[in-house]
Amino acid sequence: MLVSWKYRPRNTIIQRLDPRSRLIFLACVILGITIPNIWDIRLIFPLFLITVGLYLLARIEWKDVRRTWLFIFILIFFIVGLNGLLSGRGGPTSVMQDTSAPLFSIPLFIPGTTWGFVLKITIVRVFFAMTQIMRMLSMAILAIPIPYTMDPNIYGITFRRMGVSDKVSFTMDLAFRFLPTLARDLSITIDAQRARGYEMDSLKGGIVARLRRLAPLIVPVTMQSTVTGEEVIDAMDLRAFGTAPRTWIRALSFAPRDYIFMGLGLAIFITFLVFKFVFGVGEFWVPPEALAWANG
Amino acid sequence: MEKKSLWEFGTRQVVYGAIGAALYGAFSLLTNLVPLPAAGNITFRPAVAILIFFGVAYGPWVGLLAGFIGNTLGDSLAGWGFYWNWSLGNGIMGMIPGLAMLMIQDYKDKMDIAKAIGWGVAGIAVGILFSSLTEMFVGGIDLNTALVGYFTPAFIGNLVVTVILLPILMIAFAAVNARRGR
């Protein structure tokens with residue numbers, strides 16, 4: 001199943017923002033979380049609320065994002081969340097080295113044998129799973145509206161005006177334009193192969209057989225795209241692409257609201273740096289009361 | 001016939017960098033729900049074979065752009081967000097096989113396919129190692145987790161995918177080229 005999107009102009013404050021300010025804000029939030037390596041839910045929760053607020057301001061219709069959200073919920077809650085809850089993986093070392101008393105234990109043994117292990121769910125892992133979900137959602141919620149609310153025609157100029165070279169900007173612009181087309185080609189190929197009796201989800205055979213079974217999908221789509229690429233190159237060469245500095249049809253300009261928005265992003269970034277490196281706050285945190293309660 | 005240059009960055013590189021990125025993003029989306037066992041938040045990606053193929057066929061710039069932009073697209077649309085170190089690692093993973101572009105003369109020749117796989121494996125090793133080690137700073141994991149929990153399963157998964165799917169893509173590409181007369 002592929003998730004594709006539909007850009008639609010909406011009269012919202014988010015769409016009135018300059019695309020550069022949105023990307024700079026996104027970069028500030030991601031770098032604010034990752035550079036000082038913030039795992040403290042006391043810092044992540046307010047950020048999560050801000051990102052939810054911004055998402056709601058984008059006013060994306062539920063029918064447009066329903067499949068995307070389903071996909072994200074499965075990924076974040078069932079894969080990342082459960083992974084964090086059961087194993088503590090994907091987070092700081094302190095979670096992996098958790099020695100707190102288990103809230104409850106689940107024995108997982110092969111019946112009739114002593115092979116297996118006892119799965120211990122601790123308060124540390126519960127908090128880690130919550131923090132991890134919120135941390136990922138904070139970054140994802142900012143990224144999700146972009147394809148729905150940013151005109152695909154302005155990706156190139158946006159990156160160009162952020163200092164990226166003409167050719168790299170145009171590569172990004174083209175990649176965003178090609179993605180829905182190739183996703184649609186892939187979807188059509190899956191349907192066509194299924195009509196011929198192809199079983200993508202068949203569990204028969206080992207890993208090699210299952211990977212080989214992907215060839216009827218990967219090969220036609222990839223090869224068709226290489227042929228398409230030659231046609232695009234010919235068209236661009238005919239228009240003398242790359243022989244002189246490029247001009248872009250759309251012009252971008254910052255408004256006061258953009259400075260406010262970028263200022264907010266910068267403030268989040270600096271706040272997280274200050275909390276981590278000046279006050280030493282930002283490591284993975286569990287309320288002491290919860291720990292004391294769990295340890296009896 | 002026009003002589004190929006390894007580090008040329010012209011229309012061909014722009015277009016195939018974009019197509020490679022879009023393909024890598026689209027196929028990654030398809031499998032971004034399949035986590036690797038024993039790893040942190042790492043997914044199984046058959047699309048890596050496409051990335052290596054684009055590097056081998058069109059050079060290091062195409063591999064770098066396809067890996068970096070494609071990973072960013074796939075992750076963002078799947079809801080993972082943006083992780084610069086994994087995007088850069090994917091870029092490296094596509095760029096290193098691109099260094100073999102001029103060594104590949106015949107896409108259906110066994111020796112050339114072996115060379116492509118060898119460079120592809122080198123790219124996977126360096127790219128994934130870069131991402132796994134930088135995860136120590138970004139994600140706060142220790143060296144043991146970086147090597148055992150991230151690098152090893154991701155490397156093995158990508159290695160298997162490359163060894164199986166890259167030859168199929170190269171042979172198909174040879175047929176397409178022959179039919180096009182290029």
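Labels below follow one simple rule: chain letters A, B, ... track the order of the sequence lines, proteins then strands, and each chain is numbered from 1.
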Who among [options] has the most heavy-atom pairs with chain B under 4.5 Å?
options	result
A:Val227, A:Ile35, A:Ile141	A:Val227
A:Ile233, A:Asp237, A:Thr181, A:Ile38	A:Ile233
A:Thr226, A:Leu174, A:Val219, A:Thr222	A:Thr226

Legend entry - side chain to side chain donor-acceptor pair (under 3.5 Å) pairs, two or more places apart, involving residues 89-101 of chain B: B:Tyr24-B:Asn90, B:Asn71-B:Asn90

Inset, instruction - Using non-hydrogen atoms and a 4.5 Å limit, figure out which bit of A:Leu142 sits close to chain B: side chain, backbone, both or neither. - result: neither

Legend entry - No-hydrogen, no-angle side-chain donor-acceptor test under 3.5 Å, A:Thr158 and A:Arg22: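 A:Thr158 vs A:Arg22: no donor-acceptor pair found between side chains.
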
Inset, instruction - Tell me yes or no: between the side chains of B:Asn85 and B:Glu135, is some donor less than 3.5 Å from an acceptor? - result: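 A pair is found: one side chain offers a donor N or O, the other an acceptor, under 3.5 Å apart.
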
Inset, instruction - Among the options B:Phe9, B:Phe54, B:Trp61, pick out the one with the most heavy-atom pairs lying under 4.5 Å from chain A. - result: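 If we count pairs closer than 4.5 Å to chain A, B:Phe9 comes out on top.
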
Legend entry - Residue selection (most heavy-atom pairs with chain A, distance under 4.5 Å) from B:Ile50, B:Asn144, B:Leu169, B:Ile168: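 Going by pairs under 4.5 Å, I would pick B:Leu169.
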
Inset, instruction - Please lay out, stage by stage, how B:Phe173 and B:Phe53 fare under the test ring-ring contact (aromatic ring centres under 6.0 Å, His included). - result: CA-CA 10 Å; B:Phe173 188 57; B:Phe53 165 74; 5.1 Å; yes

Legend entry - Region of B:Ile164 that comes under 4.5 Å of a non-hydrogen atom in chain A: side chain

Legend entry - Heavy-atom side-chain proximity of A:Tyr198 to A:Arg213 below 4.5 angstrom: yes

Inset, instruction - Can you establish whether the number of heavy atoms outside B:Lys115 located under 6.0 Å from its atom NZ is more than 12? - result: yes

